[in-house]
Each structure stands twice: as structure tokens, then as C-alpha cells.
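Not measured: the values here are computed from a predicted model.
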Amino acid sequence: MSNNITIKPGKTYPLGSYYDGEGVNFALFSAHATKVELCLFNKNGTEEVSRIEIKNHDNNIWHIYISGIKVGQIYGYRVYGPYKPEEGHRFNPNKLLFDPYGKKLVGRLIWHKAIFGYNPDSPDKDLSFSELDSAPYVPKSVVVDDAYNWEDDKNPDYDFNQSIIYETHVRGYTKLHPQIPDHYRGTFMGLSMPSIIGYLHKLGITAVELLPVHAFLGNRYKKGFSHNNYWGYESCSFFALEQSYLVDNDINEFKEMVKRFHQNGLEVILDVVYNHTAEGNQMGPTLCYRGIDNASYYVLNKENKRYYYDSTGCGASFNAENPYVLQLIMDSLRYFVEQMHVDGFRFDLASTLCRRKNNFSVESGFLYAVRQDPVLKKVKLIAEPWDIGDGGYQLGAFPAGWGEWNDRYRDVVRRFWKGDQYQTAEFASRISGSSDIFNYHNRDISSSINFITAHDGFSLYDLVSYNNKHNQANGEDNRDGSNANWSWNSGEEGESYDEDVLTNRYLRARAIMTTLLLSFGTPMIVAGDEFLHTQFGNNNPYCQDNVLTWLVWESINKKEQEFIEYVSRVIKLRRKLKVFDKKHFFTGKYGIENIKDLTWYTEQGREFMDSNWYDGNRKALSYSIHYEDKFILCIFNANDAEIKWKLPPLGKDTEWKLLLDSSDQFSHQQKVISGKNIIVPAWSVILFEIKNRR
């Protein structure tokens, strides 16, 4: 370290490290620490060159200002205090800790016993105290400068009702793409290549939702887990980006990606994991929060503070009830909006963030803080509305303005196209916006994030190709992953050469995708489903960093290319019709011209009666929408045989114009007179419209 530095008390805000052109202000929260040391490292991060005690602390913030150090300085903290696990305190100054607000990390985590606050070889386990120095084995924080030339960057700013969300993984999406240079594959720079952006734009999606990009660690410290978490749901920092997604560990690479996406009308939504951290339970490593102030950052078990309360299934719940922890979450969100220009967030296990005294509450500090925040009002907020704790399933409970992953939509659409009985009534409710779930507190119809597949579970092709999960490659004896897949293999498990089986799979895959895109709510597609990517029956590939999860672009054949073109056509049709831009829920009441805004019809051309809804053998229905000057009719046939269908009599000689047939087997002319019979092919979705009634 240079000799021409000066040390001053510094300021309590902003937290983290802040370079002002002359020096750096460091500020760290800890309510229970007795002493804090700032550790400065050489330019490679391999040698600790200075250790400076931070003597000033106000309102639980330890702060210091050091002039003469610059951007690029590598640092960490050693925090002193009681090591009394039974009282909830796990301070250990032998553990170098990265900055919770650090915007960049350098160095990899090496799984050595020194990274644990306790001695793993001791019979007392986590009650023991480790004197090993962890500095050689842990990542360290880096002082950064947030300056970046955003030029005229502008958020595309789609409303939810105009959005088509596309969930993908930075590494898996780009790793095998033939038009990406080798050194860019698996990175933000790879994702921002013209070939990728051009493809996304042509496909017609409006927002790319990225699986976690916050710096994350594997979970090998957990008993029974032998693999890293490829998905990234083991976040260790809520400001720093995942180093493996950066070519030169330059955070501006992410900003460049966002800017290029915006230039092409694409939004960027981040999947964020604030409900837990990579430190896990009491047997996990001490890398940051546990060593800075375990009792503040995590929810402790009331009966024994040695252990944690865990509503996440990942070891310990992050304590969003603590005002300093809540501030960290809010500061992280604002940072990614203001400095990184992202357009929204999908909150993993969002129910955990909304708990008060371990119970979910719509009056939680987190929801109140988000609701009043002027920065977050401008972006999309999406909840995964459940966790594994008591009362954790909260679909429909989030406030107006939030979108929510609708798993009830997912399950009933799967069951309907599987051919199960007694699905029609709920299927109708889900594809028309799930008003029974979301039509409260003045919420919009787009509150329902409709999805049929996600990163977690079968891909679309596997949904029609496997009856059972096949997760042997995960090394957990096929015990992991859900057993409730609501899938049907179409007659043969897995790979098949039977033409009848393959035809059935193709028809049902197209029908399922069409259903998603012709449902009311906000559709979310999983990357690869548009060309029938397979994970070979693995419905939990969280640890598969290989061709099981990487999209194999060069293997796309003629049939799969046709599927891409079909999906693109349906997306464009959805956006062109404007019917799906509708914001408010259907009423089912008579309006202009004494016609209902939503009517359900049987194959006899008659409106549904109660007996039709309760018919367990019914596997077909249609909706008719009257919206502004448009009428559309959509028919869903999940039978394994064609059906004679009478088009609703909506005026003498009125013509229904065919817009779409998912099966490409509809044999009638492009226009059909109202009240006439048509033949609807098996496993198909057909869409008609009337522009001007006669």
C-alpha cells in the first residue's frame, strides 16, 4: 500500500466502498461486532498488505475514509465479536469476509476447511472455533467506478399486457451457439452478440428473464449434494455479478449487453434470490453475512439460536425483517435499475421475503418498502408466490402491480392436453386470466404469469415424451425433482422412432404452446421450447452444466425449425390482434350489441351450461371474445379424434376467418359461414376472427 495515504473517519452512507476521485469511503453494517478491520490486498489479491482497524461506528455502521487508494483496490473485512453459536453469534476474525455491498469480486472459492468458522474435524462440529485463516481460499471485494457511457439508452417499457417473457440461462443459452466466438460463449458478451439478439427479435419476445446472475457458489457443503448449482440459486452477493459470466471480469460487459438489448426493443428481467444465501445452514462456510453479523442477517431458530429458521429449503432464511438487511435488498434492487438499467425482477421464493415473525403478511416491510419506492415503481416485479414454510403458498396474495408465477395454470393446461378427465372447468378459468385468483384489489388480468414449463421441471418436448422423471445423472438415485409432472409420453417412454408417437408429440407440443400464447395473462416461454429442446427426462437439472441443459443449436432439424417459425407466427398473431392487450378481467356480462365480452361454446354451437362444465369426459371447448370491434373464436380439442364443430351463430351470413390451426390439418376454406359445421382435428387449437359482423 502507498505511503501517501491519509485515514479519516468517513461517512456512514453509502454502504460498501465508494470512490470519490481522491480516495475511498468504506462503510459496513454490524450491530453486534466489537471490532472491525479493513484488509487491503495486492493487485492480484494473493497477499494481504495492510490491515486497518475501523475505529468509528455510528448507528451500527462501521466507517472509514482512506485517501490515496483507487479503483481496483482489492479488500475484505475481519470482524470480531463473540463466537457463541448457541446465542446466535458466529464471529471469527480468522475468516476474511467480502463486502455485502461489494460490486465486484475477484478470486474463486476454494473448498478448504479454512472457509468454515468452525473446525470440521472437531467432534463438536459448529460449536468449535477454527483458527485457520480463510483469506487464501475465498473471493475478495474490489473497489469499482460505476461510470459508463449509456449514450441514449432507453427502456423499451412494455406493459405486462404487451409482454412475452423468455426465461433463459446465460451459460446454457450461449455455450454451444455456432455464431458466438469461443471466448464469448457462456457470458454476457455472448448473449449480446447480433446473432442472439437477432434471433430473439425475430422470435417476437419482448423480455429476456435471466436465471440468477448475482455471484453464486455451488452447494457442495450441504450433506447429500455432490454437484454445484448450475442454475445459480446459491447467491453469495447481491451486488457483484457472477464472474464466470464475464470475459475480463469487467462489469461493464453486463451494461453493454443491456444496452444492446434495449436498442433492439428487448427488456432484461433478472431472477433474484434474496431469500437465502450460499452460506447455507450452521454447517455452511463463513464468507460474508454469517461472519459480519449472523444474528442480524439470518432468521434464527427461536428455541435454539445455534440453528436457523428455514422456509426456503436451502439452510437459512435471509432476515428481511431486519431494517438493515431490508435496506441491503432495496439498495441492491435500486442499484440494478439505476446503474445496470435492468427492467424488472423475478423474486425466487418471494413468500420468504414477506414474512413477519415467520408468517406471510401482505403488510410486511418488504412489500411496503417496494410499494413506496419511486425507482422500483418503474420496473416489472414478478413473484414466485410460495416457499416451503408454513403458510408459504400465497398465489394471488401479492399487491396490485405485481405479476405472479401461476402454477395452477401450468398444472391444469398440462392435465388438459394429457387428456385427463374433469379438467375443462378449471382450464377455462386459467386461460381466461384466472379471475378467481387475481381479480382482487384492482389487479389487472396480466397479473397472472402463465407458464407451462420453467427451468425447474420438464421441458416442453419432455412433457410429451416422458411419463416419469429420469434424474439418475444428478446422483441422487432419482429421488430429487417433482413426481407431479402431469405428463404423457404419447405411447412410448423417451426416444422413439414410431411415427404415430412422434406425430402425437408434435401435435400436442404445438397445441400446448398455442394455448400458452392464446391465453389471457402474461405468457412466459422457456428458452429451447420453441425448438423442442430435450433434457432426456431430467426434470431437475440444477447441477447439469453440460449438453443436458446447454441448447444444442446445430442439432436443430427441419421439423424443429418449422416449430420455431410456428411459435414466432403465433407470437406475432397475439401481438397483432390486440385482444390480449386487454387490462381488465372479463365480466361475462352483456355489453355493446347485447353480446357478452366472453362466452364459452360447445361443439353444438351452444353456450356452456352447468351440465357441460361438470361433464368429466369433456375434453374440448371454445371461447368467443368480443373486444372493441373484434370477435375471436378459439377452439381447443384435446381428444384423440377429430370433432364436428358448429360455429356460433353470430349473425346471418357472418363469416369466421381462419387465423390459425396448430395442427395444419384443418381442411376447410379460409372463411366459414357462422352457424356452419367444421371438422376440428385431434389435439389441435384453431383460431378464427370476425372483424365486421353482418
Side-chain angles (χ1 to χ4, degrees), residues 29 31 60 88 100 160 233 235 238 270-277 281 289 293-305 307-334 344-377 379-409 434-444 446-449:
F29 157 73
N60 300 320
F160 266 125
Y233 289 96
S235 298
F238 302 121
L270 300 186
D271 194 334
V272 288
V273 189
Y274 295 110
N275 58 79
H276 73 283
T277 80
N281 63 19
Y289 316 95
D293 195 340
N294 183 67
S296 294
Y297 276 110
Y298 296 110
V299 183
L300 304 180
N301 185 297
K302 294 179 180 178
E303 284 70 39
N304 188 340
K305 294 182 179 180
Y307 304 108
Y308 299 94
Y309 172 79
D310 179 22
S311 58
T312 71
C314 299
S317 297
F318 212 48
N319 188 12
E321 281 193 81
N322 183 289
Y324 293 94
V325 180
L326 178 58
Q327 179 186 342
L328 180 144
I329 295 171
M330 298 301 293
D331 286 347
S332 167
L333 292 169
R334 282 191 293 268
F345 303 94
R346 178 266 188 187
F347 294 84
D348 180 67
L349 302 181
S351 296
T352 289
L353 300 174
C354 307
R355 289 182 175 270
R356 297 175 64 187
K357 300 186 183 302
N358 299 345
N359 296 309
F360 177 89
S361 173
V362 293
E363 298 178 347
S364 67
F366 171 73
L367 287 177
Y368 276 176
V370 169
R371 190 178 304 173
Q372 61 76 45
D373 192 283
V375 173
L376 299 183
K377 284 181 180 294
V379 301
K380 292 180 173 64
L381 303 172
I382 301 171
E384 181 184 39
W386 53 76
D387 62 24
I388 67 166
D390 291 340
Y393 187 78
Q394 292 294 331
L395 180 66
F398 282 74
W402 280 76
E404 298 181 42
W405 273 26
N406 189 349
D407 63 323
R408 290 181 62 182
Y409 175 94
S434 296
S435 61
D436 56 324
I437 299 172
F438 297 106
N439 193 13
Y440 301 96
H441 310 300
N442 295 313
R443 299 184 72 177
D444 289 344
S446 54
S447 300
S448 176
I449 306 298

Spatial distance of atom CG (Asn275) from atom SG (Cys314) [nearest 0.5 Å]: 6.5 Å
Give every donor-acceptor pair under 3.5 Å between a side-chain atom in residues 392-402 and any protein atom, sequence neighbours left out.
{"from": "Tyr393", "atom 1": "OH", "to": "Asp407", "atom 2": "OD1", "distance (Å)": "2.6"}
{"from": "Tyr393", "atom 1": "OH", "to": "Asp407", "atom 2": "OD2", "distance (Å)": "3.4"}
{"from": "Gln394", "atom 1": "NE2", "to": "Gly391", "atom 2": "O", "distance (Å)": "2.8"}

Contacts of Phe160 that satisfy ring-ring contact (aromatic ring centres under 6.0 Å, His included) - sequence neighbours left out: none
Non-neighbouring partners of Ser435 that pass side-chain hydrogen bond (donor to acceptor under 3.5 Å, both in side chains), sequence neighbours left out: none
Residues that Asp436 engages under side-chain hydrogen bond (donor to acceptor under 3.5 Å, both in side chains), provided they are two or more places apart: Ser429, Arg430
Residue pairs involving residues 314-330 (criterion salt bridge (Lys or Arg N to Asp or Glu O under 4.0 Å); sequence neighbours excluded): none
Arg443/Glu404 salt bridge by N-O under 4.0 Å criterion: yes
Side chain to side chain contact (heavy atoms under 4.5 Å, CB included) partners of Tyr309, counting only residues at least two apart: Val299, Ser311, Ser317, Arg355, Asn358
Side-chain touch Tyr298/Asn319, heavy atoms, less than 4.5 angstrom: no
Residues forming a side-chain hydrogen bond (donor to acceptor under 3.5 Å, both in side chains) with Tyr308, sequence neighbours excluded: Arg290, Asn294
OH-OG distance between Tyr289 and Ser296, expressed to the nearest 0.5 angstrom: 14.0 Å
Any donor-acceptor N/O pair, Ser332 side chain to Phe238 backbone, under 3.5 Å: yes
Set of residues satisfying side chain to side chain contact (heavy atoms under 4.5 Å, CB included) with respect to Val325, sequence neighbours excluded: Tyr297, Phe318, Asn322
By ring-ring contact (aromatic ring centres under 6.0 Å, His included) - contacts of Tyr233 (at least two apart): His455
Contacts of type side-chain hydrogen bond (donor to acceptor under 3.5 Å, both in side chains), residue Asn406, not counting sequence neighbours: Ser434, Ser448
Only distances under 3.5 Å count here; give the side-chain donor-acceptor pairs of residues 360-369 to other protein atoms, sequence neighbours excluded, each with its distance to 0.1 Å.
{"from": "Ser361", "atom 1": "OG", "to": "Glu363", "atom 2": "N", "distance (Å)": "3.0"}
{"from": "Ser364", "atom 1": "OG", "to": "Ser361", "atom 2": "O", "distance (Å)": "3.4"}
{"from": "Ser364", "atom 1": "OG", "to": "Leu367", "atom 2": "N", "distance (Å)": "3.3"}

Salt bridge Asp348-Arg346, side-chain N to carboxylate O under 4.0 Å: yes
Qualifying salt bridge (Lys or Arg N to Asp or Glu O under 4.0 Å) pairs, either residue in residues 389-403, two or more places apart: none
